Participant: 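Before we start, here is the structure in question, set down as structure tokens.
Quick note on labels: first sequence line is chain A, next is B, and so on, each numbered from 1. Values reported hereafter were calculated over all heavy atoms of this structure, with side chains retained and with hydrogens, waters and symmetry mates removed. No experiment lies behind these values; they were computed from the predicted model shown.
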Amino acid sequence: MIVAFYIASAIAVFSTIMVITRYNAVHALIYLVVSLLSIAVLFYLLGAPFAAALEVIIYAGAIMVLFIFVVMMLHLGEKSVKQEQQWLKLSMWTGPGLLAFVLLIEMIYLISLQSLEDGGGMVVDAKQVGIALYGPYMIAVELAAILLLAGIVGAYYLGKEKTTVLHRFLKQQENG
Amino acid sequence: MVEIPLTHSIVLAAVLFLLGLVGLLTRRNILFMLMSVEIMLNAAGLVFIVGSSRWAQADGQVMYIFILSMASAEVAVGLALIVQFYKKFNTLDTDAASKLKG
Amino acid sequence: MILAGLIFTLLIGGLFAGLLERRFKGIAKWISLLALLFNMGQLIRIWLGYSRNFLIGTNEKMYLVLRKPWIPEFGIEFHLELDGLGLVMVMLTGFLGLLSLLVSWNHVSKKVGFYYFNLLWTLAGIMGVFLAFDLFLFYLFWEVMLVPMYFLISIWGHSNRTYAAYKFFIFTQLGGLLMLLSLLGLYFIQGSESGVYTFDYWKLLETSIGPAQSSWLMFGFIIAFFIKLPVLPFHNWLPDAHAEAPTAGSVILAGLLLKTGAYGLLRFVIPFFPEAAQSFALPAMILGVCGILYGAKLAFAQTDIKRLVAYTSVSHMGFVVIGIFAFNTLAMQGVIMQLVAHGLSTGALFILAGILYERTGTRDLEKLGGLWASVPRMGTAGLILVLASLGLPGLVNFVAEFMILAGTFTASKLIAAIAALGLVGAAIYSLRIMQKVFYGTEKSKTSISDLTFMETIIIAAVVFLLLFLGLYPSPITKTVAPSVQEIISNTEKVKIGEVHQILYEEITLEAANGDH
Amino acid sequence: MNMADLLWIIVAMPFTIFLVLAFLGKKLSANLTAIIAISGTGTSALLTILLGWSFLGSPPENYSLSSHLWEWMNAGGLITSMSLRLDALSLVFIFVITFVGFLILVYSTEFMRNEEGYARFFAYMNLFIGSMLILVLADNLLLLYLGWEGVGLCSYLLIGFWYKDPANGYAARKAFIMTRIGDTALIIGLFLLFTEFGTLNIADILSAAPEKWASGDPTARLAAFLLLGGAVGKSAQLPLQTWLPDAMAGPSPVSALIHAATMVTAGVYLIARTHTIFELAPLAQNAVAIIGATTLLLAGFSALTQRDIKRVLAYSTMSQIGYMFLALGVGAWSAAVFHFMIHAFFKALLFLGAGAIIMVLHHEHNMFKMGGLYKKLPVIFWTFLIASASLAALPVISAGFYSKDLILWETFASASGGTQLWFLGYIGAFITALYTARMVFVTFFGKTKIEPTQRPGLRITLPLVVLALFSFAGGFIELPHTLGHVQVFSGLMQHALPHLEIRDVAESSELVLQIITGLTSLIAVGAAYVLYIRRRSWTDSIRNSTLVIQIHRFWNLGWGFDTAYDTLLVKPIVYLSRINKNDVVDLISLGLSKAMVYFNKLLVYTQNGKIRWYMATIALGAILTLTISILL
């Protein structure tokens, strides 16, 4: 099992690196799906089968599909790939890479400082999660619902085809 | 269940998070930036799940679910914005939209 | 209620003036005039009642008191009181308010309603400052007078008005915030001491504060009042604000706003922190003396007539500082005389400068000259005001400066002697105005018209008061005598809390019985 | 009517006239203005004579009258009132002020006739007379100060009467500011006296001073020096004398009244009035004498070199007041006041005469362009001659002889005086006679260079004649005992001023000294006659040597005092003002705001609108926070 953890981790890291280095959006998205799936495996290994399922269904399924739809809508072809190639010079990577490296070192240092005992490894199943969700986190769930609603409305409004809107007075002027 | 070393999983989350960050910093294409954000969100979710597993509590997963719902809302709005952005500027270059400078 | 009436007449009058002007053109100034005249009438009535008191020789204090609970949770009351000092200041406010209204009578062309609104609200704020005996209320009015003044400068001012208005606002606001901090400090110290949290003046007066704390708190107040006054290192907002403000604004700024600083020192700093103030007396007096001489020197250097007059204010206010920190009755009486004298004479000088600017289109001394021939009345008015400014005996400014210096002399001979050099300085810069504006050959070809009837009346009223009070200052000295006595008695390290309490309750009772 | 009530009427009359002329001046015709203008002072002069008559006839208690008008200031222990007090000293002064003032006003009604601002002139003159009366009648020092500043103001206004010439304005300003410097010393003296005695009432102070202070007390010395500062400023003595010659920019009647007869002697009055304090401070009193002696010499030499007739008179005024100071300084109080009175008569006359000459000669001030006037203007010539005789102190026949001789003798004989001071005064007497004779000879004799345009009218000549009478006969009320021994004046003064302490000298030396001084002035006149009438070539040859030219110029410019003040005081101050016109302190707040704007620009630079940049800063921030949390 522990081997599975490391394998999945390696896949996740590798595919994520691929995501951020691809020029073609569709390729990147497919690597992202791989990354998400491997994280789902990790979830399962960490005793969260419900979360793993959600990861596969919602993230890798729904959200990524959304991305792909958009990529299709925008007709990103050869042109955009070329542009990406232009943008992604090696020099672009140095600054962010350095920042991230420093951060990583610091984080690892901080993590290693805490002498955390390993333990647990217990499965927390969907029932427990459900009880928690609709018990103490009731309000948060409702807030999340409202957030989703807002997301829907926002997406609808933003995604709408904009027509040039003129004030009625201006329209009259145009007509008259 | 086999115990997975806590440190390792958290380091993994950190690595993923920072990869997301690197993506965010390097890419000019807004679509890729959104993807990087997703990676970072995922990394955060991973830490919650690790915590949930370590203490055998449901709260970590609950948090993960909230992150998930937030991420989906964000993606929905974000993608709608990208579409509008593309219509307006006819490119996905974020630097094209730097009107907000002081 | 008469006290609240004084303030609310102006506030409501201002509102009406602002709102009705759109509907009925030209009504705003009449409403303002009505409000101010009504106020003046009330004030004269109060003063007659008050003066009857001292004319028949009783030395009793007379107060008008109004206390209404306002925000009882925080111990805030709507608490106004009027004593001799307040009465003099409020009457000065009423009088100069009327003058500033009259000088703007025909000269406001844009946003007329808003102009009169601001004018009246500033005046209301100033009156409130002079009347409030609840420190929270005091702070409120302190801000109320500030904001409309900012608008007056920034909308109706001269060319560089935005800069001046910002400068004015930032300086005074900075002081105001420091004061607010000190005020809250006082509030909490008093509250934790007695268990009753209150902003009441008399209660706060009884607070016993440690020396370190009290000097910190005092500096909060002092910086606010020093900026307002203004005292040397904080004075540089004043020439800009005075020079750029419209005439009425300059009159109010010089005549009244500066006085709130002095009033604050007298009413709050000295009674609240007698020991700390006494230990700060020497530096304060040195600042005052520097202000006198430095202000005089700068006034001499100016070519813009309004800036010149503004710097004379710095010089004259230096006398106020040394007088206050001399800690004796004579100097303190002189300070109050100086407030009145400076308010009248400098206010009128600004009016005259405004008239000159309006006629000639310039405030530059180098471009003026030889005006006496064409405008003798203006020349005479200018002469008298200039003489008042240089402290000629017979005019009230002399009475004030003499009292201050004589009082200061008993406290510190050297300081008084150096301050007296300011009199030479005053002669130098004041006569420069006469020399440049009215003497010499006429520089502009276009002839200008002399003072109109209205302007003559305005200036004559001021001149009459200057002369009358200069030869017979008793109406003021006697009116403020009890207040001064009380301020001084505070500094004599005797907390007169108890004695005062009894007297005070009697008076409250009296006021409650018949709020004449 | 009570005699004391006359006092306030005397003071009020000129003020009333001032108000009338100030308000209605424009509407009145010239004749009416003239009548009104002289009526006030005329009434006052009449009342003064009436008052003086009854004062001398039936002296009131303590030889003083007082009249309380109203309380002026009453605050914190300072109680002063508008009260007038008349004693022998002020009686002499108000007599001179109202009487000479009246004559000068009469003269002015013609002299100023064609000037613009006729009513304004008389308004100022009346205001001046009123203020001067207050000065000498005040019963407390503060009221005295009111009059003191009031006359200063009028002097300012009248010097700058012809305001269209900026030079006049500057002269007026100079006069006001120079005297203000002295006034400031005076007012500090007032503070000191108030702090010491708790009152400013003169009589109270004078009676309390000897009890409080021993002779030579440092506080008394300080007070005396401060009062002296005021007196020096007003009376144009060293070192504040430079304003007086420039003050001649005013109309001649003004010079006559203010800058010769009355105002400039206010310092003499002040010192005489506060004599007790000076007696308690011998050092200060010596200083008075030394200042007087020095001034009389320096001014005398300057007068010798002037060409402008009015400037000669101005310097001679300084010189004569120097005599009065000398007298005050040695304790010859009464002699000083006597000389003041005589000086007022003849100096007013000289100025009026000079004014008349200048008027008829097209405003020509330079006496070397005049000449031969004695036939053309006989009245002016004879009156001028009498006054000049008095100024030169020609023995026996002139009033000036008696007063100046009294001063010289008492200087010699006084306990605090001595031979040195007498000698200085003696030299001064010689020079006085010399420059006076020079003035008369140059102006009236020799060739006629400018024809007079008109003959002065009656209103000009009459005051001249009256004043000439007084300049001639005024001296006879006080004759030395070598010559008749009349002591009307000092008999009057003894009620107000203390007696002179005479040191142990031979009585006979008085006669010797009188003869010496008398001869000296005659010799000086003779010398002038030789130099300016007989042998003009001698003067010219003397003038040609460079040393003489240098000295001449130096004296002509008043011993370089003006230049010195200019370079030492005026120029640095003006320079400082110019470079610091915009207030150094302002730079602090301006600097603050500049720094704010700079930081704002820096921050604005970071807001470049690039999301990646913002992200990078967030990352950087994260690194920083983490680093800090690790390090701590």
Participant: Check each atom of Leu46(B) against the heavy atoms of chain A and say whether the ones under 4.5 Å are side chain, backbone, both or neither.
Facilitator: both

Participant: Find the one option among Leu25(B), Val77(B), Leu81(B), Thr26(B) whose heavy-atom pairs under 4.5 Å with chain A are most numerous.
Facilitator: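 Of the candidates given, the most pairs with chain A belong to Thr26(B).
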
Participant: Select one option (side chain, backbone, both, neither) describing which atoms of Leu36(A) are under 4.5 Å from chain B's heavy atoms.
Facilitator: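 Looking at Leu36(A), just its side chain touches chain B.
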
Participant: Atom CD in Glu84(A), atom CG in Leu92(B): separation rounded to 0.5 Å?
Facilitator: 8.5 Å

Participant: Looking at Val153(A), Ile152(A), Val13(A), Leu149(A), which has the largest count of heavy-atom pairs under 4.5 Å with chain B?
Facilitator: Val13(A)

Participant: Quick check: closest heavy atoms across Ala80(B) and Leu158(A), and the distance to 0.1 Å?
Facilitator: CB-CB, 3.6 Å

Participant: Heavy-atom count check: over 12 atoms from other residues, nucleotides or ligands less than 6.0 Å from Phe101(A) CZ?
Facilitator: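 No, the 6.0 Å shell around CZ holds no more than 12 heavy atoms from other groups.
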
Participant: Do Ile82(B) and Leu74(A) come within less than 4.5 Å of each other through their side chains, counting heavy atoms only?
Facilitator: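 Ile82(B) reaches Leu74(A) side chain to side chain.
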
Participant: As an exercise, state the distance from CG of Leu16(B) to OG of Ser38(A), rounded to the nearest 0.5 Å.
Facilitator: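 Reported value, rounded in 0.5 Å steps: 8.0 Å.
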
Participant: Is the closest side-chain heavy-atom distance between Phe67(A) and Leu34(B) below 4.5 Å?
Facilitator: yes

Participant: Heavy atoms, side chains only, cut-off 4.5 Å: are Ile39(A) and Ile49(B) in contact?
Facilitator: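 A side-chain contact is absent here, since even the closest heavy-atom pair is not under 4.5 Å.
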
Participant: Could you tell me whether the side chain of Phe32(B) reaches within less than 4.5 Å of the side chain of Val19(A), counting heavy atoms only?
Facilitator: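 Val19(A) vs Phe32(B): side chains apart.
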
Participant: Please report the closest heavy-atom contact between Ser69(B) and Leu148(A), naming both atoms and the distance.
Facilitator: O-CD2, 3.5 Å

Participant: For residues Met63(B) and Tyr137(A), determine if any side-chain heavy atom of one lies less than 4.5 Å from a side-chain heavy atom of the other.
Facilitator: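 Of all side-chain heavy-atom pairs linking Tyr137(A) with Met63(B), at least one is under 4.5 Å.
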
Participant: Just so I understand: if I count every heavy-atom pair under 4.5 Å between each of Leu42(A), Leu29(A), Leu99(A), Ile108(A) and chain B, which residue has the most?
Facilitator: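 Most pairs with chain B among the choices: Leu29(A).
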
Participant: Restricting to non-hydrogen atoms, name the atom on Ile20(A) and the atom on Ser36(B) that form the minimum distance, rounded to 0.1 Å.
Facilitator: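 Taking Ile20(A) first and Ser36(B) second, the nearest heavy atoms are CG2-OG, 4.2 Å.
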
Participant: Any non-hydrogen side-chain atom of Glu55(A) less than 4.5 Å from a side-chain atom of Asn42(B)?
Facilitator: yes

Participant: Are Asp93(B) and Gln83(A) close enough that some pair of their side-chain heavy atoms sits under 4.5 Å apart?
Facilitator: no

Participant: To the closest 0.5 Å, what do you measure between OG1 (Thr21(A)) and CG (Leu19(B))?
Facilitator: 10.0 Å

Participant: Atom CD1 of Ile63(A) and atom CG of Leu68(B): how far apart are they, to the nearest 0.5 Å?
Facilitator: 6.0 Å

Participant: Quick check: closest heavy atoms across Val22(B) and Trp93(A), and the distance to 0.1 Å?
Facilitator: CG1-CZ3, 3.6 Å

Participant: Less than 4.5 Å to any heavy atom of chain B: does that hold for the side chain of Leu66(A), its backbone, both, or neither?
Facilitator: both

Participant: Select one option (side chain, backbone, both, neither) describing which atoms of Met92(A) are under 4.5 Å from chain B's heavy atoms.
Facilitator: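 Both the backbone and the side chain of Met92(A) come within 4.5 Å of chain B.
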
Participant: Which one of Val15(B), Leu18(B), Val11(B) satisfies the side-chain contact (heavy atoms from CB on, under 4.5 Å) criterion with Met107(A)?
Facilitator: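 Output: one option passes, namely Leu18(B).
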
Participant: Any idea which heavy atoms bring Phe66(B) and Ala140(A) closest together, and the distance?
Facilitator: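 For Phe66(B) versus Ala140(A), the nearest heavy atoms are CZ-CB, 3.2 Å.
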
Participant: Give, as side chain, backbone, both or neither, the part of Leu32(A) having an atom under 4.5 angstrom from any heavy atom of chain B.
Facilitator: side chain

Participant: Heavy-atom distances under 4.5 Å only: say whether Leu21(B) touches chain A with side chain, backbone, both or neither.
Facilitator: side chain

Participant: Evaluate side-chain contact (heavy atoms from CB on, under 4.5 Å) for Phe5(A) paired with His8(B), printing each intermediate quantity in order.
Facilitator: CA-CA 10 Å; Phe5(A) 172 79; His8(B) 292 193; 4.2 Å; yes

Participant: Counting only heavy atoms closer than 4.5 Å, note whether Tyr6(A) contacts chain B via side chain, backbone, both or neither.
Facilitator: side chain

Participant: Select one option (side chain, backbone, both, neither) describing which atoms of Gln57(B) are under 4.5 Å from chain A's heavy atoms.
Facilitator: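 The backbone, not the side chain.
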
Participant: Verify, without hydrogens or angle tests, whether Gln128(A) (side chain) and Ala58(B) (backbone) share a donor-acceptor contact under 3.5 angstrom.
Facilitator: no

Participant: Between Ala145(A), Ser9(A), Ala144(A), which shows the greatest number of heavy-atom pairs under 4.5 Å with chain B?
Facilitator: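 Going by pairs under 4.5 Å, I would pick Ser9(A).
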
Participant: Looking at Ala132(A), Ala25(A), Gly154(A), which makes the most heavy-atom pairs under 4.5 Å with chain B?
Facilitator: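 The option with the most such pairs is Ala25(A).
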
Participant: Can you say whether Leu104(A) sits under 4.5 Å from chain B via the side chain, the backbone, both, or neither, judging by heavy atoms?
Facilitator: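 Both parts, backbone and side chain.
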
Participant: Would you call Ile2(A) and Pro5(B) a side-chain contact if the rule is heavy atoms closer than 4.5 Å?
Facilitator: yes

Participant: Could you point out which residue of Val124(A), Val141(A), Leu133(A) forms a side-chain contact (heavy atoms from CB on, under 4.5 Å) with Val62(B)?
Facilitator: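 In the set Val124(A), Val141(A), Leu133(A), the residue that makes a side-chain contact (heavy atoms from CB on, under 4.5 Å) with Val62(B) is Leu133(A).
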
Participant: Quick one: CE on Met35(B) to OG1 on Thr16(A), what's the gap to the nearest 0.5 Å?
Facilitator: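 Output value for this atom pair is 12.5 Å.
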
Participant: At a heavy-atom distance under 4.5 Å, which candidate from Ala76(B), Gly78(B), Gly20(B) has the highest pair count against chain A?
Facilitator: Ala76(B)

Participant: Using a 3.5 Å distance criterion without hydrogens, assess whether the side chain of Gln61(B) forms a donor-acceptor pair with backbone atoms of Phe50(A).
Facilitator: no

Participant: How close do Arg27(B) and Leu88(A) get, heavy atom to heavy atom, and via which atoms?
Facilitator: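 Heavy-atom minimum between the residues: CZ-CD1, 3.3 Å.
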
Participant: Atom OH in Tyr59(A), atom CG in Leu41(B): separation rounded to 0.5 Å?
Facilitator: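 Going from the OH atom of Tyr59(A) to the CG atom of Leu41(B) covers 4.5 Å.
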
